[in-house]
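Being a predicted model, the structure only gives us computed values, none of them experimental.
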Amino acid sequence: MADSTSRPPNAVPPSLARVAFHAMAAGLTPLIPVPFLDDYALRQVREQSVRDQLKERGLKAPDKAVAVLAGSYETRSLGGRLVSYLKAVALFPVRKVFRKVFFVLWVKDCVDLTSVCLHHGYLLHHALERGDLDAASLQGEAPRKVQAAIVAACAEMDSRPINQALRRLFRSSRVLMAEATRVFLDPKRGPRVPDPKAENAEVKSLTDRLLQELWEERGYFTALEAHYDKHLKSGLAAPEPRAATGT
């Protein structure tokens, strides 16, 4: 989980901070009170996270490769989309009031999406550091193989420690979450993807809190890397895509 640049021994690596930011942004998308816009925003955040990681290494991938690495196809099942739509429609009249019932209904979605995006984003960073993807391989089947190894690695991990930390964070930050979600809805331009370089204080605060929790779980991420390495080497097929790494 180390970056090549020097830093204090207990400092959070900038790479993990970027992954955590995008995971937090993805986790807030279920709170968008507009039917189908939440799924659109989630897809945009996940794909932008992939593009940002590739750009840091001077890489540019075809849209298909970005979609595969972002796991866009597995973000939510048809049943999950229907439930999301029904919840959004039912609560649309009270969307401006962040009531307790609204928060309770959405907190599991927030935890699940933040968790899966955190795991996938972290392992993509690990894959890039290992050199599993380069300009040439991004044009072929490598993205699908890397994504398969990521999904398989996540399926083997007991993510309860991470998800419990996320539940504590979301349950103690309902007002902050409501304010942070507004970042997706630009009154003039419509939906947009949060920018980690120029974002509002609410999203940054939530990300900082998440990092404090995650940095206590360094051993977990080391084990996650080992599972990924094993699956990429063996070339085993990934299990059926899931909406989250487990709760």
Could you walk me through whether Phe21 and Leu210 pass the side-chain contact (heavy atoms from CB on, under 4.5 Å) test, one step at a time? CA-CA 9 Å; Phe21 177 88; Leu210 175 59; over 6 Å; no
Looking at [atom1] of [X] and [atom2] of [Y], how far apart are the two atoms once the value is rounded to the nearest 0.5 Å?
{"X": "His231", "Y": "Ile150", "atom1": "NE2", "atom2": "CD1", "answer": "12.0 Å"}
{"X": "Asp109", "Y": "Leu28", "atom1": "CG", "atom2": "CG", "answer": "12.0 Å"}
{"X": "Thr29", "Y": "Gln44", "atom1": "OG1", "atom2": "CD", "answer": "11.5 Å"}
{"X": "Thr114", "Y": "Phe170", "atom1": "OG1", "atom2": "CZ", "answer": "3.5 Å"}
{"X": "Arg167", "Y": "Ile162", "atom1": "CZ", "atom2": "CD1", "answer": "11.5 Å"}
{"X": "Glu225", "Y": "His125", "atom1": "CD", "atom2": "NE2", "answer": "9.5 Å"}

Tell me every residue that passes side chain to side chain contact (heavy atoms under 4.5 Å, CB included) with [X], counting only those two or more places apart in sequence or in another chain.
{"X": "Ala61", "result": "Leu54, Ala65, Val66, Leu138"}
{"X": "Arg130", "result": "His126, Asp132, Tyr228, Asp229, Leu232"}
{"X": "Lys60", "result": "none"}
{"X": "Gln139", "result": "Pro62"}

Determine the minimum heavy-atom distance between [X] and [Y], stating which atoms define it.
{"X": "Leu59", "Y": "Ala135", "value": "CD2-N, 3.5 Å"}
{"X": "His119", "Y": "Leu224", "value": "CD2-CD2, 3.9 Å"}
{"X": "Met157", "Y": "Ala223", "value": "CE-CB, 4.0 Å"}
{"X": "Cys117", "Y": "Leu42", "value": "SG-CD1, 4.4 Å"}
{"X": "Leu211", "Y": "Ala20", "value": "CD2-CB, 3.6 Å"}
{"X": "Asp63", "Y": "Arg51", "value": "OD1-NH2, 3.6 Å"}

Tell me if a side-chain donor or acceptor on [X] pairs with a main-chain N or O of [Y] at a distance below 3.5 Å.
{"X": "Ser137", "Y": "Asp134", "answer": "yes"}
{"X": "Ser49", "Y": "Val45", "answer": "no"}
{"X": "Thr222", "Y": "Arg218", "answer": "yes"}

Checklist entry - Any side-chain donor-acceptor pair under 3.5 Å between Ser115 and Asp112? => result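 Not at all, the side chains of Ser115 and Asp112 share no donor-acceptor pair under 3.5 Å.
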Go through Leu123 and Cys154 one step at a time and tell me if the side-chain contact (heavy atoms from CB on, under 4.5 Å) criterion holds. CA-CA 9 Å; Leu123 284 179; Cys154 291; 4.1 Å; yes
Taking side-chain hydrogen bond (donor to acceptor under 3.5 Å, both in side chains) as the definition, give me every residue that meets it alongside Lys230, ordered by chain and number, with sequence neighbours left out.
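With neighbours one apart ignored, the set is Glu156.
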Gln53: what forms a side-chain hydrogen bond (donor to acceptor under 3.5 Å, both in side chains) with it, not counting sequence neighbours?
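Applying side-chain hydrogen bond (donor to acceptor under 3.5 Å, both in side chains) to Gln53 gives none.
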